[in-house]
Amino acid sequence: MIRIYNTLSKNKEMFKPIQEGQVNIYVCGMTVYDLCHIGHARVMVIFDMVRRWFDISGFQVNYIRNITDIDDKIISRSLQNNESIQSLTERYIDEMNADAKALGVISPSKEPKATEHIEDMISMIQILIAKQHAYVAKNGDVFYAVRSFDGYGKLSGKSIEDLRAGERVDVDQNKHDELDFVLWKSAKPNEPSWDSPWGKGRPGWHIECSAMSSHYLGHHFDIHGGGQDLQFPHHENEIAQSEAAHDCKMANYWMHNGFVRVDDEKMSKSLGNFFTIRTVLEKFDSEVVRFFILRAHYRSPLNYSDAHLDDAKIALQRLYVSLRGIEINHMEVDWNHPLAAKFKEAMDDDFNSPEAISILFELANEINKNKSLPVASLLKGLANMLGLLERDPEAFLKGDAKNSFDIDELISKRHKAKLNKDFKEADHIRSLLLENGVVLEDTPQGTIWRKE
RNA sequence: GGCGCGAUAGCAAAAUGGUUAUGCAGCGGCCUGCAAAGCCGUAGACGCCAGUUCGAUUCUGGCUCGCGCCUCCA
């Protein structure tokens, strides 16, 4: 049985699917106007882990991760770049997919774009207006009347009285109530727009997720996820829209992953303290990044630094070293193995990947002692479930960079020197290689090497 | 001001009402010409103050500190 920490109840709960053997997951994805940063990487990797684990646990997984391809920032970036919105968003969708692929993220079942579902949004807004949960303002904008929805605040634990709208940002004078949020924005000159019953305009941010989740997963589905910062107002507003429009619960379980931080501060665009996935991948192997993310619990904050990535790299190397030289051509995970059982227990308990990974190290220790093939295949099998250790150990340890010199030749030169007891020369060659990032290891079967 | 989360050894990071987390770094061995990798052993922890308990890092309350949300944000 899988247990999930549900933001709605602030408790771990047994996961019970709406439909036996099936799980419907909706995750808020990216707004595509720039390269993804490590915070985005975390969402992608975490929910990739979640959907993989459901899959392994025998569920039929329907995983939707949306793409926001129309919003203020996209519009301003397109003006700034003098680039069409479509070209801009398509470019960054490709970049995002490249990053996701590098991080071993399996494609969601469907990645719908907001602009492909304008009709769904319009009809949903019409329902909300008909039910008097929304109103058309003087300027043609459509707003959601927050006070018309009783459950407002149930996800984020806020009460309407405590919210301080306008404290930090000016309140739009067209709103009846300062807490109301926009469903439809009337078009300004030179902005992309769609026809609607309220004239030309474009959707507000929150409505897309309500519309797309119900389009693909139905009015009532199992899991809704996203970054912690979406909890309020985005997810709260989604609930208000969907539940008011459909008269039923939107999602049974709400999952939120913690932030990536830099020097104990949230990594964010506005603070400017972010690292793009692209930049990080120039310095670190993509699997190291994935390992780094999975090594912390998904709900905990994760501090980013080069030193922490280095640490993750060394740890991951240890796992690969244990598999080195063992031919695994058949992988079958025996859940009766005590460590496999512990792994499963950890993952079932709110996706405790750090605990699960600690078990991989216990297996590696076993392998290092006795080179056991079954244990090695168990290690690889379990790690693969997390999208780790999928590569050939030699390929990982040697890296794919071209070397400007012939390592094998130097190794054989060193071998000759060693036979002649010319240790000075042998050590010279070894340190020469080390200076170039190549570490030698003398084994009974001869000298092998790996990247530092 | 409101709401919420967290505080674990040098660093990172889990679990747990009484029993080794795990990785890196440290120390002592083994192996090696010396290393590296690996193995064995070892040290080191639960922010502070009360309470509950036979027993609390783990539960409860208070305090201190840090972080997040209340604006766009994964």
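Labels below follow one simple rule: chain letters A, B, ... track the order of the sequence lines, proteins then strands, and each chain is numbered from 1. A quick note: this is a predicted structure, and the numbers were derived from the prediction, not measured.
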Among the nucleotides B:C72, B:C69, B:A74, whichever has the atom closest to the side chain of A:F232 is B:C69

query = Quantified in whole Å, what is the C1' atom distance between nucleotide B:C3 and nucleotide B:U53?
reply = 33 Å

Base-pair string, RNA chain B, Watson-Crick plus G-U, cut-off 3.5 Å on both distances, | for inter-strand, is (((((((..(((.....[...))).(((((.......)))))....(((((..]....))))))))))))....

May I ask you to check whether over 12 heavy atoms, not counting those of A:K424, lie within 6.0 Å of atom NZ? no

Does NZ or CZ of A:K313 lie under 6.0 Å from the centre of the six-membered ring of A:F291, at an angle within 45° of the ring axis?
no

Provide the distance between the two P atoms, one in B:A21 and one in B:G47, to the nearest whole Å.
-> 16 Å

(request) Give a yes/no answer on whether the side chain of A:N352 brings an N or O atom under 4.0 Å of OP1 or OP2 in B:A15. (result) yes

Geometric cation-pi criterion A:R65 and A:F47, 6.0 Å radius, 45° cone: no

A:V439 has its side chain closest, among B:A36, B:C70, B:A21, to B:A36

Per atom distances to the A:E265 side chain, the nearest of B:C40, B:G68, B:A21 is B:G68

Rounded to whole Å, the CD1-C1' distance (A:I357 to B:A15) equals 15 Å

cation_pi(A:K266, A:F259) dist<6.0 Å, angle<=45
yes

Quiz prompt | Any A:S300 side-chain N or O less than 4.0 Å from OP1/OP2 of B:A14 | solution = yes

Side-chain atoms of A:K10 come closest, of B:A35, B:C5, B:G33, to B:C5

Quick note, A:D427 side chain, CB onward, closest among B:G68, B:G33, B:C5 is B:G33

Checking B:A74, B:A14, B:C34 against the side chain of A:H37 (C-beta onward), the nearest is B:A74

### Query
So, is A:K418 close to the B:C34 phosphate, meaning a side-chain N or O under 4.0 Å from OP1 or OP2?
no

- Task: Would you please confirm or rule out a distance under 4.0 Å between OP1 or OP2 of B:C24 and any side-chain N or O of A:R295?
- Result: no

Per atom distances to the A:E441 side chain, the nearest of B:G33, B:U22, B:A37 is B:A37

_Taking only side-chain N and O atoms of A:R430, does any of them lie within less than 4.0 angstrom of OP1 or OP2 on B:A35?_
no

Next item on the list: Using the P atom as the reference point in each nucleotide, state the distance between B:U64 and B:C48 in Å, no decimals.
Entry: 15 Å

Margin query: Can you see if the side chain of A:N257 gets near the phosphate of B:A74 - specifically, an N or O under 4.0 Å from OP1 or OP2?
Written below: no

Nearest-nucleotide check on RNA chain B, A:M267 vs A:L440; residue mapping nearer the 5' end is A:L440

Looking only at B:A74, B:C39, B:C72, the nucleotide nearest the A:P233 side chain is B:C72

Against the side chain of A:N365, the closest entry in B:A13, B:C39, B:G33 is B:C39

Report yes if a side-chain nitrogen or oxygen of A:K266 is closer than 4.0 Å to either non-bridging phosphate oxygen (OP1 or OP2) of B:C69; otherwise report no. yes

Q) Would the number of heavy atoms belonging to other residues, nucleotides or ligands and lying under 6.0 Å from CD of A:Q80 be above 12? A) yes

Comparing A:R414 with A:D349, nearest RNA chain B nucleotide closer to 5' gives the residue A:D349

Taking B:C24, B:C34, B:A74 as options, the one with an atom nearest any side-chain atom of A:V43 is B:A74

Exactly one of A:Y26, A:F54, A:F15 clears side chain to side chain contact (heavy atoms under 4.5 Å, CB included) with A:D222, and that residue is A:F15

Short side-chain N/O contact from A:N370 to OP1 or OP2 of B:C39, under 4.0 Å: no

Exercise for review: Considering only atom P, compute the distance from B:C59 to B:C5 and round it to an integer number of Å.
Suggested key: 13 Å

Rounding to 0.5 Å, atoms OH (A:Y304) and CZ (A:F275) come to a distance of 5.5 Å

Quick one: is B:G38 close enough that its OP1 or OP2 comes under 4.0 Å of any side-chain N or O from A:R324?
no

Q | Centroid-centroid under 6.0 Å between A:F181 and A:H206 rings | A | yes

**Item:** Distance under 6.0 Å and angle within 45° of ring axis: A:K110 vs A:Y216
**Value:** no

